Amino acid sequence: MRTARLTVAMAGVVVLAVSACGTAGSSGPDRTANQKLADGKTFTLALPSDPGSLDPAMTVLSVTRQLDQFLYDGLVTIDTTGKPVAGLAQKWEATTTTASFTLRRGVTCADGTPLTARDVAANINFVGDPANKSPIAGVTVKPGTKAVGDDGAGTVTVTSGSPDSFLLRNVGSVPIVCAKGLADRSTLAKGQQGTGMFTVTEIVPNDHYTLTRRKDYTWGPGQWPASQPGLPDKVVARVIQNMTTTSNLLLSGEVNAGSITGQDIRRLSAQRLFHADTTNMIGELFFNQAPGRPGVDPAVRRALVQALDLGQIAKVLNSGAGVPVKGLVTGEPLACPGDSVSGKLPGFDAAAAKTALDAAGWRPGADGVRVKDGKRLALTAAYGTQIGPTMAPAAELVQQSLKGIGADVTLKAVDSPGLSRLLFDTGDWDLSLAPLGLTLPSQLVPFVTGPLPPGGTNFAHVQNAQYESLVAKAASAAGDAGCPSWLSAESALFAQLDVVPFANTVVPTFGANARFAMNQGAIQPSTIRMYS
C-alpha cells in the first residue's frame, strides 16, 4: 500500500502535502519580547494526526513531512525570498535537464558515519526508479532520473528523466537518508539513519514522538552557526487531534507550537502569542473519475459544482481568514505569480444544476434521489479531520447542497493516514474535500496525470490532454520563462473541472515561549528559539 501534503504534497494529505512558505510575525509585540533566550529546553510541537511511517521517500503527508524536517536534510534550502541556500550541498548549478551539487565537508549521519556522494545519489535514484513506487516521484524527482556520486570529489551529478523547470529546487529538496537506511528501509519508517538536526529516541504511536538534538550537527541552512543560544535540546511531537485542546495547551505553556484554524485564532491572538503564518489551500474539490463513478461524466461534475455556493462554503472553512484564490500554488514567494482561476469556474446555480442532471439522464427517483440506468446518484464525500474544526460543518453544507439537487451524499471523515489509504489504495470515494498544498506548479503533475493508484498518484483518474501538452511546454522552460504555460495548464484543469479550488486561508502557527520560522509550510527546525 502507498502512503501519501497531499497538506496536502493535502492539507491533510500536501504534498509534499506538499504547503506554503510563510512569514513570521504578529500584530504587535508578542510575549517573547519580554523573555530571554533559554538553553536546554524541550520544544513541544502539536501534530494534528499521527504521522505513520517516517520514511521520507514514501510519504507526501504534510504531518509526516513536518516531523521529517527534524530528521532528514536536503541538498539545498529555499529561504523566504525564494532563493536557494546551502543545505547538505555548498555549491550547485542546474538547467532544466541536468544539475550538479558539491557536498559540504564534515556532514555525518545520525550514527556518526560520513555521508558520501554515492549515498546522496542513491537517494535520488531510489525516488526516480518507478519500481520503488515512491509517491514523491514526479513531485520532486522525475521518473527515470539518474544520479551519479563521486566520493573523491564530493559531487553528485543528476540527469533528469524529463525536463523540469524547477530541477534545482525539486531535486535539492529530496530528504537525504544514510546508507544503512537505504539498505534497510524499515529503519526509516522509525525515523532513523538521518542527516538532520535531530534523532528519534522514542516513538509511542498516536501519542508522542521524542527527538534529541545532535551535538555534531553543524550544517544548517546557509551560514547557520551551530553554537547559538536558545536551540532546544529535545523535541516532543504530541499527537493532539482536537484543535481547542491544542489552543488550551498553548495558553498553559504545555505546548510550544501548534497550527490553528477556526475561532481559537482570536483567543490566542488576544493573548499576544507569537505566530508564524502560512497561506494554505483549504477549499478544493476533486471528483473520482474512475469508470463507473458519477464523476467520470463532465456534465455531472459541472452540475455538482453549480449546486454548491462555493463562496459560502469558503466562509465556513476559513472563519474570516480567507484570501483570494488565484491559482493552485500557495507557497510564498510564488514561483509563478498570476491568476489562473478567475472566470474559469461555473457560478452557483442550483436550477441549472438540476437541468444539467436531467439532460445527463439522472432523473429524480421516488425518494428524491436521482437514478440513471437503475443506479442511484449516491456519493461518498471524504474530508480530513486534521484540517481543523471548520472542515466538518463545511462538509455538511456540501452534503446539504447536493441533497437539494437529488444526490445522496455520505460523509466520510478520516485522519491523514486514513485519507491516504482512501485516495491512494482503496479508491472508495466520489468527492474529495482534501486540498493539495503546493509550493511549485510542477508538483501537481503526478497527481493529475500518469499512473493510477496503487501504481501511481493520479488518485482522481484525471485525463486532460490539454493540461499535459501545456505542462510539457512549461517544463522545457527554465524558471519564470515557463510561468505563462504553467498558469494556462492550471486553467485547462478548471475547464474540465478536474480540480475546483475555492478557498485559501491564512493559517497561523502559534508559539508559546518559543519563536520559529515557517519554510515550505512547515516549521524549520534550525530557526527554533526557546524563551523563558
Side-chain angles (χ1 to χ4, degrees), residues 281-320 322 324-326 328 339-383 390-412 429-435 460-462 464 466 490-504:
M281 179 75 72
I282 194 172
E284 189 171 47
L285 303 177
F286 288 86
F287 299 95
N288 191 341
Q289 299 181 41
R293 297 280 178 175
V296 73
D297 185 349
V300 172
R301 297 199 298 273
R302 178 164 292 273
L304 295 178
V305 173
Q306 287 179 309
L308 301 175
D309 186 344
L310 295 177
Q312 185 60 39
I313 298 170
K315 289 180 180 179
V316 174
L317 275 172
N318 59 40
S319 298
V325 178
K326 295 185 177 181
L328 296 176
D339 187 345
S340 62
V341 179
S342 296
K344 304 298 191 301
L345 301 176
F348 172 50
D349 190 336
K354 293 178 181 178
T355 300
L357 288 176
D358 287 340
W362 292 94
R363 301 291 183 175
D367 60 355
V369 177
R370 292 178 179 267
V371 179
K372 180 179 181 180
D373 299 329
K375 183 178 180 179
R376 300 172 81 248
L377 186 55
L379 308 174
T380 296
Y383 67 92
T390 63
M391 199 68 226
E396 289 166 2
L397 182 54
V398 169
Q399 181 186 44
Q400 179 182 359
S401 299
L402 296 183
K403 181 180 179 181
I405 62 165
D408 180 16
V409 179
T410 300
L411 297 181
K412 196 164 192 174
W429 63 282
D430 295 287
L431 177 64
S432 169
L433 286 82
H461 294 240
V462 174
N464 190 317
Q466 185 180 9
E490 290 187 3
S491 295
L493 292 173
F494 309 146
Q496 287 192 183
L497 300 177
D498 294 321
V499 188
V500 181
F502 64 92
N504 283 347

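Please read these numbers as outputs of a predicted model, since none were measured by experiment.
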Apply side-chain contact (heavy atoms from CB on, under 4.5 Å) to Leu310 and Val305, showing your working. CA-CA 8 Å; Leu310 295 177; Val305 173; 4.3 Å; yes
Checking side-chain contact (heavy atoms from CB on, under 4.5 Å) for the pair Leu317/Met391: CA distance, chi angles, key distance, verdict? CA-CA 6 Å; Leu317 275 172; Met391 199 68 226; 3.7 Å; yes
Hey, mind stepping through Gln306 and Ile405 against side-chain contact (heavy atoms from CB on, under 4.5 Å) and telling me if it holds? CA-CA 10 Å; Gln306 287 179 309; Ile405 62 165; over 6 Å; no
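The local environment of NZ in Lys315 is sparse, with at most 12 non-hydrogen atoms from other residues, nucleotides or ligands closer than 6.0 Å.
Under the side chain to side chain contact (heavy atoms under 4.5 Å, CB included) rule, Phe502 has a single partner from Val325, Ile313, Val341, which is Ile313. The one candidate from Leu357, Leu377, Leu304 that meets the side chain to side chain contact (heavy atoms under 4.5 Å, CB included) condition with Pro294 is Leu377.
One distance of note links CG of Leu308 with CG of Leu397; it measures 8.0 Å at 0.5 Å rounding. Atom CG of Leu431 and atom OG1 of Thr410 lie 12.0 Å apart (nearest 0.5 Å). Distance check, rounded to the nearest 0.5 Å: CG of Asp297 to CZ of Phe287 gives 11.5 Å. Rounded to the nearest 0.5 angstrom, Ser432 OG and Tyr383 OH are separated by 12.5 Å. In this structure, NE2 on His461 lies 8.5 Å from CZ on Arg293, to the nearest 0.5 angstrom.
Across all their heavy atoms, Leu402 and Ala307 have their closest contact at CD2-CB, 3.9 Å. Residues Ser491 and Ser340 approach most closely at OG-O, 2.8 Å, considering heavy atoms. Nearest heavy atoms, Met281 versus Pro501: CE-CB, 3.6 Å. Considering all non-hydrogen atoms of both residues, Phe494 and Leu345 come closest at CB-CD2, 3.9 Å. Contact between Asp309 and Phe348 at its shortest, heavy atoms only, is N-CD1, 3.6 Å.
A donor-acceptor pair is defined here as one N or O able to donate and one able to accept, closer than 3.5 Å; such a pair exists between the side chain of Asn464 and the backbone of Ala492. Remark: the backbone N or O of Pro346 is not paired with any side-chain donor or acceptor of Arg302 at under 3.5 angstrom. Judged by distance alone, the side chain of Asp430 and the main-chain N or O of Thr380 form a donor-acceptor pair under 3.5 Å. Checking side-chain atoms of Arg370 against main-chain N and O of Ala407 turns up no donor-acceptor pair under 3.5 Å. Side-chain atoms of Lys344 do not come within 3.5 Å of backbone N or O of Glu490 as any donor-acceptor pair. Between the side chain of Asn288 and the backbone N or O of Ala290, at least one donor-acceptor pair lies under 3.5 Å.
In this structure the side chain of Asn504 never reaches within 4.5 angstrom of the side chain of Asn318, judged on heavy atoms. Side-chain contact between Val500 and Arg301: absent, with no pair of heavy atoms (C-beta onward) separated by less than 4.5 Å. Considering only heavy atoms from C-beta on, Trp362 stays 4.5 Å or farther from Val371 through its side chain. Side chains of Asp408 and Asp367 form no contact here, defined as non-hydrogen atoms less than 4.5 Å apart. For the pair Lys403 and Val409, the minimum side-chain heavy-atom distance is 4.5 Å or more.
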